[in-house]
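Keep in mind that what you see is a predicted model, and the values were worked out from it rather than measured. Reminder, nothing fancy here: chain letters follow the sequence lines and each chain counts from 1.
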Amino acid sequence: MLSLDALNRPQREAVTHPAGPLLVLAGAGSGKTRVLTWRIARLLAGGEDPGSILAITFTNRAAREMKERVRALVGSKVSEGMWISTFHSACVRLLRQELGRVGRSPGFTIFDADDQHTLMRRCLQRAQLAERQYAPALVLSMVSQAKSRLEGPAEFAARPGGYQHQRIYELYRLYQEGLRENHALDFDDLILETVLLMREHTDIRRHYQGRFRHVLVDEYQDTNFAQYELVKLWAAQHRSVFAVGDDDQSIYRFRGAEVRNLLSFEADYPDAKVIKLEENYRSTQNILDAAHYVVSQNLYRREKRLWTQRPAGEPVLVLAVEDPGQEAELVARGVEERVAAGVALSQCAVLYRTHAQSRPFEEACVRRGLPYSIVGGVGFYARKEIRDLLAYLRLLVNPYDYLSLRRAAQVPRRGLGEASLTRLEEHGRRNGLTVLEVLARAEDVEGLGPRQVRAAGALGELLSPLATPALTTSVRCLVQSTLDGSGLRDEITGEATDLAEAQGRLENLEEFLSACEEYERSGDGRGLAGFLEGMALMTDGDRWDDKQDRVVMMSLHSAKGLEFDTVFLVGLEEGLFPHARSLDDNQELEEERRLCYVGMTRAKNRLYLSWARERALFGRRAAGIPSRFLAGLPCGPAQPLFPPERASVHRPAPGPGPEVTVPWRVGERVRHPRFGGGTIVAVQGAGETAQVAVAFPGNGIKQLLVQYAGLERKEG
DNA sequence: ACAACTTGGCTTTTT
DNA sequence: GCCAAGTTGT
């Protein structure tokens with residue numbers, strides 16, 4: 001039996017808790033993955049059937065890590081047959097397994113954000129609504145919210161609402177119709193359809209409820225209503241839900257996550273046990289203090305405080321810089337410093353609020369020859385050449401994917417335009433034909449000229465030899481022949497105006513090919529369909545190879561669940577972080593603050609926060625105001641980053657008129673509302689936006705932003 | 001049908 | 001500052 005000495009008391013209690021509902025409130029870095037893996041390992045070591053275990057994570061990366069760690073504890077033989085996956089993967093698996101049995105096609109395609117967008121635009125056209133008034137993104141987000149509440153079009157229509165609501169309903173209905181016609185499901189459908197399937201079919205429900213004797217859910221605070229219902233449904237018979245989460249790390253409200261699911265766990269399961277993990281094994285006390293200071297400003301949270309046995313460590317540092325260029329330069333220098341101190345490059349991370357901020361950091365790394373990887377942003381498979389190729393491949397897997405036909409038929413150009421494609425599509429849909437059938441018999445399509453019929457036939461002939469052996473040939477070969485047959489390569493080299501760019505795009509295709517190879521080596525054995533499905537369900541973070549020794553740059557959202565020796569949390573300015581879109585809603589503001597907390601708690605040993613006095617926004621330059629998250633933050637003294645002559649900055653006076661400078665001076669006596677009287681020991685900037693380090697007798701040195709600190713000058 | 005050009009619109013975060 | 005959609009001309 002596994003020895004439990006490696007666990008602390010509450011961890012051990014969670015791991016050994018008898019079957020039954022259990023909520024583990026696990027603070028950042030408190031060893032929640034450890035608890036989950038040990039729990040599973042203990043169950044297996046105790047003779048539990050691996051097939052009775054269902055563990056849900058939010059990313060494939062987390063699932064993979066958990067599998068590996070369980071295997072390391074009990075060996076791969078014992079752990080064979082468990083379900084450890086994301087909600088979405090588990091649902092796909094279940095749907096593929098069961099849909100056939102209830103007379104529905106298990107061969108659906110998963111539509112990603114891009115496909116959803118394209119489809120919604122077509123719905124708008126069909127409904128004769130102007131895109132101006134009904135932005136596809138907005139309608140899609142309403143549809144997504146509806147689905148995450150388990151509302152189909154009918155339920156959505158039943159909600160009270162005016163004219164606008166009625167139009168959205170129509171779009172929702174059209175959109176669902178479009179998905180069905182293309183034999184496709186979107187991300188939200190995966191969950192929704194699984195819930196419906198389980199609810200409607202007693203035999204299926206019974207089967208899974210009987211099977212899943214242990215349901216474990218990671219990041220429980222990030223579940224939406226549909227996922228929450230699904231967990232209840234899965235676990236209904238054995239009622240052994242092992243939920244792990246942290247309300248302070250709830251950062252997905254915008255996509256329907258409800259912390260309420262976590263906070264009301266005890267109401268759902270009155271016999272639930274709740275265990276808190278508050279000992280942190282990751283960060284220094286200084287980092288924890290700073291992070292706690294930020295998140296504790298939130299009104300809506302369960303009070304908890306992380307502690308560590310580790311020493312205080314270096315103080316958290318706030319860097320005030322001129323502009324993003326300097327910010328990047330400084331970060332790059334900081335990375336070099338850490339590397340010189342023996343820290344691995346891959347243990348240094350740059351975290352930002354929006355992907356748009358990554359560019360200067362990338363440039364700074366190139367200038368200094370620092371290897372880096374960017375996680376997310378314009379994702380690999382969002383690139384044009386990849387999506388073009390994917391259109392062909394998806395057509396081979398799903399012969400009803402008319403959306404992909406459109407794309408494949410237009411890149412490269414082959415004499416079929418918008419009008420002809422619409423005719424082909426309408427015809428195919430009306431008669432329930434596959435794409436290939438329509439293309440082969442294009443002469444049956446009304447309103448098509450002889451030229452177009454010939455073009456359609458040619459496309460069909462190009463596709464059909466590929467389509468035949470789709471499931472048997474090796475994925476790599478298939479992709480290779482698609483690439484050759486489609487003329488996509490020539491398309492890139494032919495239209496190239498920028499040679500380097502064309503080169504890059506060809507390289508991307510090569511990378512795609514090697515991804516195919518890698519997939520085949522993984523031995524999944526599900527051919528092209530399996531490969532495409534994996535791609536659809538993969539996040540950018542999942543694609544990131546953390547074995548490579550490179551500085552990593554990513555959004556704060558992608559950073560959740562990761563840890564680094566050194567973290568540079570950049571762009572801490574009002575309007576950027578917290579983001580402008582969240583400023584008028586307190587709930588969203590609190591989410592931003594939690595996001596800040598998540599970012600800060602990624603750091604093990606060093607944490608740097610930076611803000612820029614000036615930042616280009618919308619191509620216009622704007623003055624940067626330090627983020628409210630910095631106000632009063634317990635951190636080290638101001639950093640002497642600039643030559644002295646630049647340490648004082650002019651601030652425009654309100655309205656026209658001369659600029660005023662109100663310098664604070666080292667040695668000046670000030671008063672702080674909370675810390676009392678003190679003396680300035682360092683200054684950066686001037687006037688309202690200045691940062692000062694003040695020594696308070698008995699309170700130590702605090703770095704303060706004048707603007708928020710409520711600092712008053714004392715005479716004399 | 002398609003390519004070159006112009007306009008305008010706007011940006012969170014992601015399974 | 002960028003990209004994507006719309007408009008024009010061949």
Which is true for [X] with a 4.0 Å heavy-atom rule: it touches a base, it touches only sugar-phosphate, or it touches nothing?
X: S558(A); value: sugar-phosphate
X: F254(A); value: base
X: F87(A); value: nothing
X: T59(A); value: nothing

message: Is it the case that the base of dT13(B) and the side chain of R353(A) share a donor-acceptor contact (distance under 3.5 Å, atom types as modelled)?
response: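 Answer yes: a donor N or O sits under 3.5 Å from an acceptor.
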
message: So, under a plain 3.5 Å distance rule, would you say the side chain of R581(A) forms a donor-acceptor pair with the base of dT12(B)?
response: no

May I ask you to verify if any side-chain N or O of [X] is less than 4.0 angstrom from the OP1 or OP2 atom of [N]?
X: H88(A); N: dT14(B); result: no
X: S582(A); N: dT12(B); result: no
X: R121(A); N: dG6(C); result: yes

- prompt: Stacking here means centres under 5.5 Å and planes under 30°; does H579(A) stack on dT12(B)?
  reply: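 By the stated criterion, H579(A) and dT12(B) stack.
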
Are the ring centres of [X] and [Y] closer than 6.0 Å?
X: F531(A); Y: F512(A); answer: yes
X: F212(A); Y: W83(A); answer: yes
X: H557(A); Y: F254(A); answer: yes

Figure out the [atom1]/[atom2] separation between [X] and [N], and round it to whole Å.
X: Y597(A); N: dT13(B); atom1: OH; atom2: P; value: 24 Å
X: Y252(A); N: dT14(B); atom1: OH; atom2: C1'; value: 6 Å
X: Q221(A); N: dT14(B); atom1: CD; atom2: P; value: 16 Å
X: F577(A); N: dT11(B); atom1: CZ; atom2: P; value: 20 Å
X: Q357(A); N: dT13(B); atom1: CD; atom2: P; value: 9 Å
X: H355(A); N: dC10(B); atom1: NE2; atom2: P; value: 21 Å
X: L576(A); N: dC10(B); atom1: CG; atom2: C1'; value: 15 Å
X: L124(A); N: dA5(C); atom1: CG; atom2: C1'; value: 14 Å

- request: Map E592(A) and F58(A) onto DNA chain B by nearest heavy atom, then report which one ends up closer to the 5' terminus.
  value: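 By nearest-heavy-atom nucleotide position, the 5'-most residue is E592(A).
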
query: Quick one: on DNA chain B, does Q116(A) or L421(A) contact a more 5' nucleotide (nearest heavy atom)?
result: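 Mapping each residue to its closest nucleotide by heavy atoms, the 5'-most match is L421(A).
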
message: Can you give me the closest heavy-atom contact between Q221(A) and L262(A), atom names plus distance?
response: N-CD1, 4.0 Å

- prompt: F187(A) side chain: which of dT12(B), dT15(B), dT14(B) is closest?
  reply: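 Of the options given, the side chain of F187(A) lies nearest dT15(B).
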
field: Donor-acceptor pair between Q357(A) and T354(A) side chains, under 3.5 angstrom
entry: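 The answer is yes; a qualifying pair exists.
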
task: Mark yes or no for whether D388(A), through its side chain, and A408(A), through its backbone, hold a donor-acceptor pair below 3.5 Å.
output: no

task: Take atom P in dT11(B) and the same atom in dG6(C), then report the distance between them in whole Å.
output: 16 Å

